[in-house]
Amino acid sequence: MSAWVTSAWIRTQPPPSWCSTARCHCATRGQRSSRRRSRTGEGKRMSLPNTVRVRFAPSPTGMLHVGGLRSALFNWLFARHSGGTFILRIEDTDRKRYDPRALPDLLESLRWLGLDWDEGPEVGGEYGPYFQSQRTHLYGQYARQLLDSGDAYYCFCTSARQAGGNPEQTSHRGAATGYDRRCRTLDARAAAERVAEGESAVIRLKMPLEGRTTFHDLIRGDISVDNGIQDDVVLLKSDGYPTYHLANVVDDHLMRITHIMRADEWIATAPRHVQLYKALGWQMPAIAHLPVVLDPSGKGKMSKRKKVAADGRVLPVHVRDFREAGYLPEALFNFLALIGWHYDDHTELMTRQEIVDRFSIERINPAAAAFNYAKLDNFNGVYIRGLTVEELTDRLMPFVVRAGFHADRQTLLRITPLVRERMERLDQIAGLVDFFFAEQLADYDPLELIPKKADAAEACRLLASARELLAGVEPFDHDSIERALRGLAERLDVKAGQLFQPIRVAVCGRLVAPPLFGTLEVMGRECALKRIDQALGNLAALAPLAG
RNA sequence: GCCCUCAUCGUCUAGCGGUCUAGGACGUGGCCCUUUCAAGGCCAAAACACGGGUUCGAGUCCCGUUGAGGGCACCA
């Protein structure tokens, strides 16, 4: 006897003793009165019996995007929180849209975020195979069972006829626009013969025509739909592959899934799944429909199409894009957990373990949520600043290499502290440190060498004095440079900023740059003096009479 | 068109009938710090969609309206 507990048990029994804290999934909206917050022993994992089995079941039709990743994350969090099992199942039943690049991308993306699966591709498990394309015999078997029990029927209508051939069916009697059930009344034996003779057919579910189907959603409460408006969905396609509806039900049952957590967009078809479970004589798992992730504008769900920010930057939508844009997986993990879920009224920054410990279905907000890139950037900046110099340097290295800079780790290790507080994304490193690696500074406006309330001659005087001083500073490090330069400003009777601006522009080629003394130290005396000489030349050209 | 779902600052959210003159975060504006830019600190503006009920009392419960989102494939 397996340790699996049926959802009937979950739904009809009062929460058992091990379920007394508020964080357990057993508390649903309908049982709110019994819910109490308990913050004691937060760090300790409850020792639950291993009953929870959840799955993430993507279709390998393209690169994994954030919406999918969020669904995976919530399932993973629920599994890890409750000491359950997280299963990865590949729903590759659509041969037309199959993309061979999708699976590697999926596995890589999940691993990047740290979502490890207990059963699934590359790790196996006792309920495999975990690719639906390798389980087709099962679906055919259950489709036949449904045929035999009279809960399904063969349909010979062409997809063309269903798609456009029946305009009048769309309006009357409040019926959905779907299939008109033409083949539902065909004689079953006759239909079977036609199939035996090689005629192409699909198998459809015979939905009840009367009554309502009601199911309990863990996040939204009871949802109820008229049976009459649900059309008879295709269970098995003419190519012998199952549709999502059949495959999903069969596999969730066979794989002993206890909780289905899937995106909002499945609500509409859930009643069919309920009927399918009923027809098959199976107990349906508990179910929760996750709020969809909306486009940053809040209009429409996050699509896979490229998004462009106001500043022209292409916003990432695929998980791999986030990685390439320099988002830290731990930052995205934290941020994504907060789309549709919260812990309390003020805690947002949490470690992975804290989120696992605190996650609960009853704190999932049913409303759809827009994806706020600005906030993600902020989170990412916080996580970047939380890294040690060594860690950050190692993560920065690939981006520096990608930018084409010939940097060694030792040099980057010295640059990192200068830019750590100035980055929200790792890909911004290129624009921050380019002048360290450029042989020749990019052209800049020489007028920038001239501080406010000064002219070219004055700038020239300041820069020349600084050059002379820097040539002799020993050692050429942050503290000595600072002491020397501040002393010079005093002697010259100018404000520090007046003196530093020309130097900054001379050595960095721009007005905005990392802190000056550290920059000079890392850059080295030779390079700094060379650039100051060039700047002096630029100034002379600007005001030939000033010299 | 039909069905389903949802509805608190621009955005993510807290809120489980009185503790809400509605709290936090991002973003925005201002000030402080300061060699530029950041980071950090402080302050500010900013929301209960609307209309009816229920109740001594409603952001919180009910109904309706409106709005938004999702679905209506031999895709998942």
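Since the structure is predicted, the reported quantities are computational estimates derived from the model, not experimental observations. A, B, ... follow the sequence lines: proteins, then strands. Residue 1 opens every chain.
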Given [options], identify the nucleotide with an atom nearest to the side chain of [X].
X: A374(A); options: A76(B), U35(B), G27(B); answer: G27(B)
X: D94(A); options: G23(B), C26(B), C75(B); answer: C75(B)
X: A370(A); options: C75(B), U35(B), C12(B); answer: C12(B)
X: R504(A); options: C4(B), U36(B), U5(B); answer: U36(B)
X: V512(A); options: U5(B), U35(B), C37(B); answer: C37(B)
X: K375(A); options: G24(B), C37(B), G27(B); answer: G24(B)

Report yes if at least one side-chain N or O of [X] is closer than 4.0 Å to OP1 or OP2 of [N]; otherwise report no.
X: K301(A); N: G71(B); answer: yes
X: T93(A); N: A76(B); answer: yes
X: H342(A); N: A14(B); answer: yes
X: N365(A); N: A14(B); answer: yes
X: K96(A); N: A76(B); answer: no
X: K452(A); N: U35(B); answer: no
X: N378(A); N: G27(B); answer: yes
X: R420(A); N: A39(B); answer: no
X: R204(A); N: C74(B); answer: yes
X: R262(A); N: A76(B); answer: no

So which nucleotide does [N] pair with, by the Watson-Crick or G-U wobble rule with both distances under 3.5 Å?
N: U28(B); value: A44(B)
N: U66(B); value: A7(B)
N: A58(B); value: none
N: C37(B); value: none

Check step by step if side-chain contact (heavy atoms from CB on, under 4.5 Å) holds for F335(A) and Y327(A).
CA-CA 11 Å; F335(A) 178 77; Y327(A) 287 101; over 6 Å; no
R194(A) versus F156(A): any side-chain heavy-atom pair under 4.5 Å?
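Answer yes - side chains close enough.
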Using a 4.5 Å cut-off on heavy atoms from C-beta on, say whether the side chain of L73(A) contacts that of F333(A).
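Of all side-chain heavy-atom pairs linking L73(A) with F333(A), at least one is under 4.5 Å.
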In whole Å, what is the span from the [atom1] atom of [X] to the [atom2] atom of [N]?
X: I219(A); N: C6(B); atom1: CD1; atom2: P; answer: 10 Å
X: L432(A); N: C37(B); atom1: CG; atom2: P; answer: 14 Å
X: H245(A); N: C75(B); atom1: NE2; atom2: P; answer: 9 Å
X: D180(A); N: A73(B); atom1: CG; atom2: C1'; answer: 15 Å
X: D239(A); N: C75(B); atom1: CG; atom2: P; answer: 7 Å
X: R272(A); N: G70(B); atom1: CZ; atom2: P; answer: 18 Å
X: L294(A); N: A7(B); atom1: CG; atom2: C1'; answer: 12 Å
X: R70(A); N: C12(B); atom1: CZ; atom2: C1'; answer: 12 Å

Establish, from distance only, whether the side-chain atoms of [X] and [Y] form a donor-acceptor pair under 3.5 Å.
X: T213(A); Y: Q275(A); value: yes
X: D251(A); Y: Y139(A); value: yes
X: D92(A); Y: S133(A); value: yes

Flag, side chain of N372(A) to backbone of K375(A), donor-acceptor distance under 3.5 Å:
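Yes: the side chain of N372(A) pairs with the backbone of K375(A).
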Spell out, as yes or no, whether a donor-acceptor pair under 3.5 Å connects the side chain of D99(A) to the backbone of M63(A).
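No: the side chain of D99(A) does not pair with the backbone of M63(A).
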Heavy atoms under 4.0 Å, any strand shown: does [X] hit a base, just sugar-phosphate, or nothing?
X: I223(A); answer: sugar-phosphate
X: I267(A); answer: sugar-phosphate
X: P242(A); answer: sugar-phosphate
X: Y241(A); answer: nothing
X: K495(A); answer: nothing
X: P291(A); answer: nothing
X: A369(A); answer: sugar-phosphate
X: E91(A); answer: sugar-phosphate
X: R385(A); answer: sugar-phosphate
X: G340(A); answer: sugar-phosphate
X: P58(A); answer: nothing

Taking for each residue the nucleotide of RNA chain B bearing the nearest heavy atom, is the 5' side occupied by I339(A) or by L376(A)?
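The residue whose closest nucleotide sits nearer the 5' end is I339(A).
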Which sits closer to the 5' end of RNA chain B, H346(A) or S224(A), going by the nucleotide each is nearest to?
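On the 5' side of the pair lies S224(A).
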Spacing of the [atom1] atoms in [M] and [N] (rounded, Å):
N: C26(B); M: G69(B); atom1: P; answer: 28 Å
N: U35(B); M: U28(B); atom1: C1'; answer: 27 Å
N: A14(B); M: U65(B); atom1: P; answer: 27 Å
N: C62(B); M: A45(B); atom1: C1'; answer: 36 Å
N: G10(B); M: C48(B); atom1: C1'; answer: 16 Å
N: C9(B); M: C50(B); atom1: P; answer: 10 Å

Ignoring hydrogens and angles, are the base of G40(B) and the side chain of E421(A) linked by a donor-acceptor pair under 3.5 Å?
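No.
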Is it true that atom CZ of R95(A) has more than 12 heavy atoms of other residues, nucleotides or ligands lying nearer than 6.0 Å?
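Yes - once you tally the heavy atoms of other residues, nucleotides and ligands closer than 6.0 Å, there are more than 12.
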Electrostatic pair K237(A)-D239(A), nearest N-O below 4.0 angstrom:
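No.
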